[in-house]
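Residue numbers start from 1 in every chain, and the chains themselves are labelled A, B, ... in the order their sequence lines are given, proteins ahead of strands.
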2 protein chains.
Amino acid sequence: MGDRAAKDALFDAFAEVARALASGRRAEIVDVLAQGERSVEQIAAEIDQRVANTSHHLRAMARAGVLRTRREGTRIVYMLASERIGDMWAAMRDVAAEHVAGINELADAYVGDRSALEPVSRRELEARLKAGDVVVLDVRPAVEYAAGHIPGARSVPVSDLRRLRSLAKDTEIVAYCRGPYCVYADEAVRQLRRRGFAAKRLEDGYPEWKRAGLPIAVGAGQ
Amino acid sequence: MGDRAAKDALFDAFAEVARALASGRRAEIVDVLAQGERSVEQIAAEIDQRVANTSHHLRAMARAGVLRTRREGTRIVYMLASERIGDMWAAMRDVAAEHVAGINELADAYVGDRSALEPVSRRELEARLKAGDVVVLDVRPAVEYAAGHIPGARSVPVSDLRRLRSLAKDTEIVAYCRGPYCVYADEAVRQLRRRGFAAKRLEDGYPEWKRAGLPIAVGAGQ
DNA sequence: TCGATATTCAAACTACTACTTGAATATCGG
DNA sequence: CCGATATTCAAGTAGTAGTTTGAATATCGA
């Protein structure tokens, strides 16, 4: 007991969890799976990688314990092993946002200039939802809405946004999507503003809302 | 905006934070620094590594943003960049405890058999501290006690435990140390029991107590 | 300024990791 | 059982990480 070899082995095991997220592509995978389970092919498409390479990453992560699989007919569906993985990913992202030099420049390069988008905090959105003076749009793909969304939000994937007609010009709109580094809500807000609506984005996204213990709704509804 | 290269760069930056903890030795370093700042030499001693190698790890971690340094005369003192690093380490450890196959066997191999030690939860210790029917011992080195401890706890490093005299045989003792995988409290409980005391250990340690937002005290006192 | 102490650098070796390509395996619908 | 689809395996390459050794640098106290 207490010898160096045993201690090393224990901490190596802890480190394996970090190693499972210690590559940009694997971080992307966790970010995608935080929205819900996906097949290998879907994940490969989202992270812009070959299927074989994606499969390799997925298996490694599953071996490390952070992912689980389920068979669905001919395809294998991967998912986060538990919600605690999402907590860890959020902690990691927050640490990066706080401490990694240049992360803001990288974020800007990816999401573009956000200064005009006036992000709304969770707390503020919660209050305004209660007051009922805001229309909330979930601009993620419809399957993600169905897997869970903010109660009262309407599902309008960015791709369908043009078809949106039934909104008074004077109602204020808040759009949300996958998280702080997701561009769907940005795109939606820009488009809505061009059409004359008063639109803002939620500062983060659905997973953060859920993680904060705020009420959620599930199903295709609305 | 939104192109693959920018997205890859952003997520690579997130991954760098994970990479900073993706080795057993670096995980040990975070675990040590969660107790308070340390010089390179002290850290090297705690993780049983050469100073040069330790320095190498420390610099890499500082470059990634998870550590900060301070000069103190001839030595460089390293510390966690912020408490959020500790949160991330805790999330990582919890994920490992929940999902990594064989982690319990590795932990047993390191800390020995704990089944007889009857760990006490934070909640329970809090209640019993309020009721005043328990003696709490902080069995970490004295400097760590001084950097922060549970209010009302008495500082008795394991090495000094033999000298402890002034305790009635019928008072119940709860010992705590650095965390769930720290062996000081285990050793203390075993020793106290051999001497006829009713001793148990806190299930985790001081950092978890603090992270849970429970009251803490600072200073050499008592 | 000089010696002692603490830390970092440089070079070298070994081992591992990410990604690609092409083949192999498993399931489903007919 | 067969073909089509989805996923995984195997082998190879290029690049990166962990550790060791010995030298270099920086600060302090005299």
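Remark: the B/Tyr206 side chain and the B/Asp138 side chain contain no N/O donor-acceptor pair separated by less than 3.5 Å. Checked by atom type, the side-chain pair A/His57/A/Arg25 shows no donor-acceptor distance below 3.5 Å. Looking only at atom types and distance, the side chain of A/His99 has a donor-acceptor partner in the side chain of B/Ser82 under 3.5 Å away.
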Sequence neighbours excluded and cut-off under 3.5 Å, please list the side-chain donor-acceptor pairs for residues 72-79 of chain A, or say none.
| residue | atom | partner | partner atom | Å |
| --- | --- | --- | --- | --- |
| A/Glu72 | OE2 | A/Arg70 | NH1 | 3.1 |
| A/Glu72 | OE2 | A/Arg70 | NH2 | 3.4 |

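We find that A/Glu187 and A/Arg201 are not joined by a salt bridge, their nearest charged nitrogen and carboxylate oxygen being 4.0 Å or further apart. Between A/Glu144 and A/Arg38 there is a salt bridge, with a side-chain nitrogen of the basic residue lying less than 4.0 Å from a carboxylate oxygen of the acidic one. Salt-bridge check for B/Glu83 with B/Lys210: passed, with a basic side-chain N closer than 4.0 Å to an acidic carboxylate O. A salt bridge links A/Lys7 and B/Glu28; the closest N-O separation between the charged side-chain nitrogens and carboxylate oxygens is under 4.0 Å.
Ring orientation note: the planes of A/Phe14 and B/Tyr181 are nearly perpendicular, at an angle over 60° on the 30°/60° scale.
In this structure, the helix from C/dT1-D/dA30 to C/dG30-D/dC1 shows an angle of 40° between the axis at its start and the axis at its end, each fitted on 5 base pairs and rounded to 10°.
Running 5' to 3' along DNA chain C, contacts with non-hydrogen atoms of chain A at under 4.0 Å begin and end at C/dT17 to C/dC28.
Taking atom NE2 on B/His57 and atom C1' on D/dT20, their separation rounds to 12 Å, with Å as the unit. Atoms CG (B/Asp48) and C1' (D/dG18) sit 16 Å apart, rounded to a whole Å. At whole-Å resolution of the value, CD in B/Gln49 and C1' in D/dT20 are 11 Å apart.
Contacts of A/His56 with the nucleic acid, taken as non-hydrogen atoms under 4.0 Å apart, are absent. B/Ala52 comes within contact range of at least one nucleobase, with a heavy-atom separation under 4.0 Å.
For D/dG18, one of the phosphate oxygens OP1 or OP2 lies less than 4.0 angstrom from a side-chain nitrogen or oxygen of B/Arg26.
Residue A/Ser23 is the one, among A/Arg71 and A/Ser23, whose nearest nucleotide of DNA chain C lies closer to the 5' end (criterion: closest heavy atom). Between B/Tyr78 and A/Asn53, the residue anchored closer to the 5' end of DNA chain C is B/Tyr78, taking for each the nucleotide with the nearest heavy atom.
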